[in-house]
Amino acid sequence: MRETLICNAMIFDGSGAKPFPGHLRLRGNRIAQVMKGSDAVAQEADEVIDAGGAFLMPGLIEGHGHISFIDQADLMDLAVIGVEEHTLATMHNALKLLDAGFTSVNSAASAKVRLDAVIRDEIEAGRIPGPRLRAASPEITVTSGLGDANKMHVKLHTFGMVVDGEDEVVSAVRLCIREGVDNIKLNISGDVFMPNADSFSTVMAENEVRVAVETAHAHGKRVAAHCRAADSIKRAVRNRVDMIYHCDHADEEALDMLEAAKDWVLTGPAIGVIIKSIEALQSADDPALQPQIDELKKLYDDNCWTHAEMRKRNIPIVIGGDYGFAVNPQGTNANDLVYFVEHYGFSPAETLHAATMIGARAMNRPDELGQIREGFLADLLLIDGDPLDDIAILTDPAHFKAIMKDGKFHQQRRDGAINTDQENSGRGWLAAQQ
Ligand SMILES: [Zn+2]
């Protein structure tokens with residue numbers, strides 16, 4: 001089997017422990033040997049790479065991806081784009097994530113039932129480049145909930161599957177499973193700017209959540225949920241939702257429940273779109289936008305309080321989430337690393353631990369992803385500079401000396417520049433249709 005030797009690296013193994021000097025021997029797509037120490041090592045391998053002291057870490061893991069989001073300025077863009085263009089845009093977005101150092105993406109919803117699944121299969125087959133991908137369903141939601149864009153007189157499909165009552169929920173979950181998804185997404189709470197389901201409301205009923213989770217788990221699939229309201233978090237924990245996203249308006253009881261569930265539950269804040277939306281609205285300098293800014297600022301404040309509390313309680317948090325809007329396009333996902341440090345009080349080492357070893361739990365592969373450890377898969381980043389000193393260097397792919405996925409080096413499509421080309425994210429096709 002082909003052997004690769006990476007010598008003279010500063011190894012951050014994903015556990016959060018201090019990096020150490022060492023060498024790595026890869027055999028095929030796995031890490032065969034981790035050699036600690038700076039003593040010279042026999043240069044016997046099919047390929048020898050002298051890291052020259054560079055920082056070597058596990059590949060980043062996006063814990064709440066939406067690679068079928070098309071950097072839309074308006075959610076209606078998702079209703080307008082054709083299936084064919086949408087598939088191509090999703091393919092291009094997968095590459096952007098890999099170019100940005102994300103070797104794994106756990107999807108938290110696909111805009112159409114089969115988009116994630118077909119792209120996952122193409123990547124797995126080696127026909128297109130992209131990260132490892134867990135495919136998600138669209139956002140299963142109730143009438144008038146987040147993701148129900150319909151009007152009485154027109155059906156508008158953006159990213160939701162609208163269902164009401166146990167029977168419809170079960171049918172939708174089973175249909176998505178038949179079509180190949182790994183994760184079922186439920187919108188249990190509402191969201192900002194929703195007229196009849198705001199971010200403090202819990203609109204998916206207890207029995208609807210229960211049957212969705214029972215059905216998904218019966219088929220060996222996992223469940224992710226959109227939960228901003230405190231009651232929605234509690235509903236999700238009670239019903240064994242595996243990944244409970246946002247948690248902005250958590251109260252003490254919700255945090256207690258998450259803490260008691262920390263061995264099996266995962267959370268993820270998705271703060272990037274909040275920060276970037278506030279910035280965009282403020283820069284518009286329009287007094288009419290002030291109510292939206294106020295609503296988002298309340299969300300931001302609650303989100304920061306919650307995640308600082310979660311950190312103290314050691315509740316596992318994944319990085320990423322909700323990239324793929326015009327304000328925070330696909331490929332800028334590593335901004336989350338900076339946000340964890342600047343807005344939640346994480347150390348850079350804690351942040352990278354969340355982005356690797358905790359992320360591997362979201363991928364449901366904690367025993368082979370997210371760590372530099374013997375037997376684990378060789379998903380690696382070789383970094384020019386020390387992200388523990390300045391985590392922001394990871395937002396600039398110019399600092400990536402190498403991106404390796406599954407034991408193979410990935411050739412960044414754009415050396416030295418972040419790949420957020422909005423032309424092929426879907427924006428270009430939308431413009432052509434107008
Ligand atoms: Zn999301």
Side-chain angles (χ1 to χ4, degrees), residues 61-75 77-78 90 93-94 97 102 104-113 115-116 131 133-142 145-149 157-161 176 181-194 197-199 203-204 212 222-229 232-233 236 241-249 265-277 296 299-300 303 306-307 317-333 335-336 339 359 362-363 425-426:
I61 299 176
E62 161 61 81
H64 171 161
H66 293 295
I67 63 163
S68 61
F69 282 11
I70 53 175
D71 297 346
Q72 62 274 351
D74 184 323
L75 286 174
D77 293 348
L78 290 168
T90 306
N93 290 338
L97 270 286
F102 287 84
S104 290
V105 173
N106 178 57
S107 179
S110 169
K112 295 178 170 71
V113 174
L115 275 179
D116 273 0
L133 179 64
R134 275 184 69 85
S137 71
E139 308 204 6
I140 295 175
T141 191
V142 299
L146 170 67
D148 177 11
H157 176 86
T158 54
F159 56 81
M161 275 177 97
C176 292
V181 309
D182 304 304
N183 295 331
I184 293 293
K185 176 69 177 291
L186 306 177
N187 286 349
I188 302 179
S189 81
D191 210 334
V192 290
F193 313 145
M194 292 294 299
D198 68 20
S199 65
V203 292
M204 184 172 277
R222 309 235 299 170
V223 182
H226 169 96
C227 297
R228 295 203 189 275
S232 68
I233 300 164
V241 170
D242 304 283
M243 293 160 283
I244 304 178
Y245 292 126
H246 306 299
C247 298
D248 317 85
H249 306 310
V265 82
L266 288 172
T267 65
I271 195 174
V273 70
I274 302 174
I275 290 173
K276 289 293 183 184
S277 296
L296 282 171
L299 189 67
Y300 166 82
N303 184 295
T306 294
H307 291 89
I317 310 176
V318 297
I319 69 139
D322 289 350
Y323 286 84
F325 290 86
V327 293
N328 65 334
Q330 304 281 0
T332 62
N333 310 52
N335 285 343
D336 247 62
Y339 300 146
M363 294 301 291
S425 70

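What's counted below: heavy atoms across the whole structure, side chains too, no hydrogens, waters or symmetry copies. Start at 1 and go down the list; that is how both ligands and their atoms are numbered.
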- Mind checking whether the Zn ion (ligand 1) has an N, O or S of H226 under 2.8 Å? no
- Return the name of the atom in H66, of element N, O or S, nearest to the Zn ion (ligand 1). NE2
- Item | Side-chain ion pair, D182 and R222, N-O less than 4.0 Å | no
- For the Zn ion (ligand 1), which N, O or S atom of D322 is at the shortest distance? OD1
- Item | Donor on one side chain, acceptor on other, T141 and D148, under 3.5 Å | no
- Message: I'd like to know whether D322 forms a side chain to side chain donor-acceptor pair (under 3.5 Å) with H66, so could you lay out the CA-CA distance, the side-chain angles of the two residues, the decisive distance to 0.1 Å, and finally the verdict.
- Response: CA-CA 6 Å; D322 289 350; H66 293 295; 2.8 Å; yes
- Query: Can you list the steps and then say if Y245 with H64 is a ring-ring contact (aromatic ring centres under 6.0 Å, His included)?
  - Reply: CA-CA 8 Å; Y245 292 126; H64 171 161; 4.1 Å; yes
